[in-house]
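Quick note on labels: first sequence line is chain A, next is B, and so on, each numbered from 1.
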Amino acid sequence: MTDRITRDDVAHVADLARLTLADDELDAFTGQLAAVLDHAADLDALDLDDVPPTAHPLPLRNVLRPDVVGETSDRAEVLAAAPSVEAEQFRVPPVLGEAP
Amino acid sequence: MSPSAVEIAAAVRSGERSAREVLEEHLAAVDAREDEVHAFNLVLADEARAAADAVDAAVAAGTDPGPLAGVPVALKDNMCTRGVPTTCSSRILDGWRPPYDATVVERLTAAGAVAVGKTNLDEFAMGSSTENSAFGVTRNPLDPTKVPGGSSGGSAAAVAAGFVPLSLGSDTGGSIRQPAALCGVVGVKPTYGAVSRYGLVAFASSLDQIGPFSRTVADSALLLEAIGGHDPRDSTSIPDPAPDLTSVLDRGVEGMRIGIIEELSGDGLEGIAGDVRVRLGEAAAALEAAGATVETTSVPSTVYGLSAYYVIAPAEASSNLARYDGVRFGLRVDAPNAGDMNTATRTAGFGDEVKRRIMLGTYALSAGYYDAYYGKSQKVRTLIVRDFARAYEDFDLLLSPTAPTTAFPIGAKTADPMTMYLNDVCTIPSNLAGHPAMSVPFGLGDDGMPVGVQVLAPATGEATMFRAAAVLEAAAPAGHPLVGGALVGGAPTGGAS
């Protein structure tokens, strides 16, 4: 098994997941995640070299349907759920640089 | 005790009772105890009255009002209801009104059921106690100092309290069966793909499945027939009609071979309480007395299910919950640029358990750790599928406890997430394999709280599973006296039957 998860690992993962953690939260989460990952160490006892992975319980197959127009969501109803809308589009803060 | 769904539907269909009258009785039961129990995030009294009146109008006009005519139902608040808030008990969906109905909601309405509200859950269905909700804790109606289980705790509590005879939950690792056991009601996780997930807010897509809660086995069968069957809007939906369940319930278990899963019920597994083991033994004896052959069997890899699940489910969740970015719906916390807005929104909108699982999943999927955690867990999933397949060569059904203990006190397990996760040890293997399993109440523990016995079946084995459940229901010792009817002024409410 790999090394125990560190406080720095948790800070990195929080960053990847777009979450900000306070110092005390970082400490608490580090211990809690380590406990779960320690429990998962019981899997090390298994010989899994020749076992294929299962990603899904069903044999997934491609699902096709006739190419005809069906019912679609109402645009006004969808936009009404958005925090900010302009000219029938979702409005967001600038992605690059400062606000104009 | 208030009437069952089967009784209500028969009375409403025949014109003996009005849907409106049935609804008012149930709304009165909600009024009497909801402040204490907090099963609901939202009660839809006006909408329910309109739906009930529509059912009565159909009956008066001589049109078929459907197999669930006038039956009040509650929906877990992670199922989309058009124009009606759907929160997943999370602040991040604050104010969101879905632009469509989940398939199960459409099918319930078409069957004549009356939706009375959206029930509380652990945020995004992550938890085993309904304590991780942004809207407060749900209490076990049989003992308000105890948890109802989770994550579908509101739906389980609503049925146990007699607020509704039927409700829907979702089960990713036991979130229907465990609260059913803790509240003394029936709870079913169908075969993966048996019930459409269209409009169910995703937690872990390869594991999530919608299913019923009810007081009787027959009521769950009736509900599953109404909501099951192929749905072209869910690409993982099994392309077959819903199986006939109500007509097989009285067929018994004569000649069936039933195996008790040693790893999930014997001395080997730490944490299965003595009183739960005693009840399981009695349940096995009851099946034997009804003509089944019952013996203990080994399904070795099931003990590794918990570890694999708490890698796989968070991994899928970390991906599914990436959509909550403050752009298209729900909460937005403003910031000068889009990235900071995403981070500020997610930090303010998600509770601790959701953050924990997102980070666990992100870690398990990240470079350098993928093979050690996610890859390994997927291989363990294969072992579990293989071990079940081997067991079902010798047995028609398997048996285990549903949960390791009866309902625990509120607050008892919140400090240590791993302790909470251990609650799911018996229920997780069925999700990983995609198999059906259900919890049937079977007497009480030493503390007077309900014990649930879990019946497991191979994929699409619901009919066989329900036959055994019906035998267990008939043979069960007396259940908790409060199940199914809040005591108002010393007398049970309802009682139309």
Open item on the list: Before you tell me yes or no, could you show the steps for Asn337(B) and Val95(A) under side chain to side chain contact (heavy atoms under 4.5 Å, CB included), namely the whole-Å CA-CA distance, both residues' side-chain angles and the distance that decides it to 0.1 Å?
Closed with: CA-CA 6 Å; Asn337(B) 67 67; Val95(A) 174; over 6 Å; no
Taking side chain as everything from C-beta outward and backbone as N, CA, C, O, which of these in [X] sits under 4.5 Å from a heavy atom of chain B? Side chain, backbone, both or neither.
{"X": "Val13(A)", "answer": "both"}
{"X": "Leu48(A)", "answer": "both"}
{"X": "Asp38(A)", "answer": "neither"}

- [ ] Report yes if some heavy atom in the side chain of Leu360(B) is under 4.5 Å from a heavy atom in the side chain of Leu37(A); otherwise report no.
- [x]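 Side chain of Leu360(B) against side chain of Leu37(A), heavy atoms only: contact under 4.5 Å found.
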Open item on the list: If you define the side chain from C-beta out and look only at heavy atoms, does anything of Arg346(B) sit under 4.5 Å from Thr20(A)?
Closed with: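 Of all side-chain heavy-atom pairs linking Thr20(A) with Arg346(B), none is under 4.5 Å.
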- [ ] May I ask you to check whether His12(A) and Tyr363(B) place their ring centers less than 6.0 Å from one another?
- [x]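 Ring-ring flag for His12(A)/Tyr363(B): false, centres at least 6.0 Å apart.
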Open item on the list: Using a 6.0 Å cut-off, check whether atom CZ of Arg323(B) has over 12 heavy atoms from anything other than its own residue.
Closed with: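 Result for CZ/Arg323(B): enclosed.
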Open item on the list: I'd like to know which of Asp74(A), Asn62(A), Val78(A), Ile5(A) tops the heavy-atom pair count under 4.5 Å against chain B.
Closed with: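 Among the listed options, the one with the most contacts to chain B is Ile5(A).
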Which atoms of [X] approach chain A - backbone, side chain, both or neither, heavy atom under 4.5 Å:
{"X": "Thr419(B)", "answer": "neither"}
{"X": "Ala415(B)", "answer": "backbone"}
{"X": "Ala335(B)", "answer": "backbone"}
{"X": "Leu365(B)", "answer": "neither"}

For the [atom1] atom of [X] and the [atom2] atom of [Y], what is their distance to the nearest 0.5 Å?
{"X": "Ile358(B)", "Y": "Leu16(A)", "atom1": "CD1", "atom2": "CG", "answer": "12.5 Å"}
{"X": "Asn342(B)", "Y": "Leu19(A)", "atom1": "CG", "atom2": "CG", "answer": "11.0 Å"}
{"X": "Gln32(A)", "Y": "Glu353(B)", "atom1": "CD", "atom2": "CD", "answer": "8.0 Å"}
{"X": "Arg18(A)", "Y": "Asp325(B)", "atom1": "CZ", "atom2": "CG", "answer": "9.0 Å"}

Task: Pair listing, salt bridge (charged side-chain N to carboxylate O under 4.0 Å, His left out) test, anchored in residues 306-316 of chain B, at least two apart - done: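 Output for this query is empty, none listed.
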- [ ] Could you give me the CA-CA distance, side-chain angles and deciding distance for His56(A) and Thr236(B), then say whether side chain to side chain contact (heavy atoms under 4.5 Å, CB included) is met?
- [x] CA-CA 10 Å; His56(A) 205 272; Thr236(B) 60; 3.9 Å; yes
Open item on the list: Whether Arg97(B) and Glu77(A) form a salt bridge (side-chain N of Lys/Arg under 4.0 Å from carboxylate O of Asp/Glu) is what I want to check.
Closed with: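 Answer for the salt bridge query: no.
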- [ ] Mind running side chain to side chain contact (heavy atoms under 4.5 Å, CB included) on Tyr310(B) and His39(A) for me, showing each step along the way?
- [x] CA-CA 9 Å; Tyr310(B) 277 100; His39(A) 190 275; over 6 Å; no
TODO: Quick one: do Thr54(A) and Lys379(B) satisfy side chain to side chain contact (heavy atoms under 4.5 Å, CB included)? Show the steps, please.
DONE: CA-CA 6 Å; Thr54(A) 296; Lys379(B) 291 179 171 189; over 6 Å; no
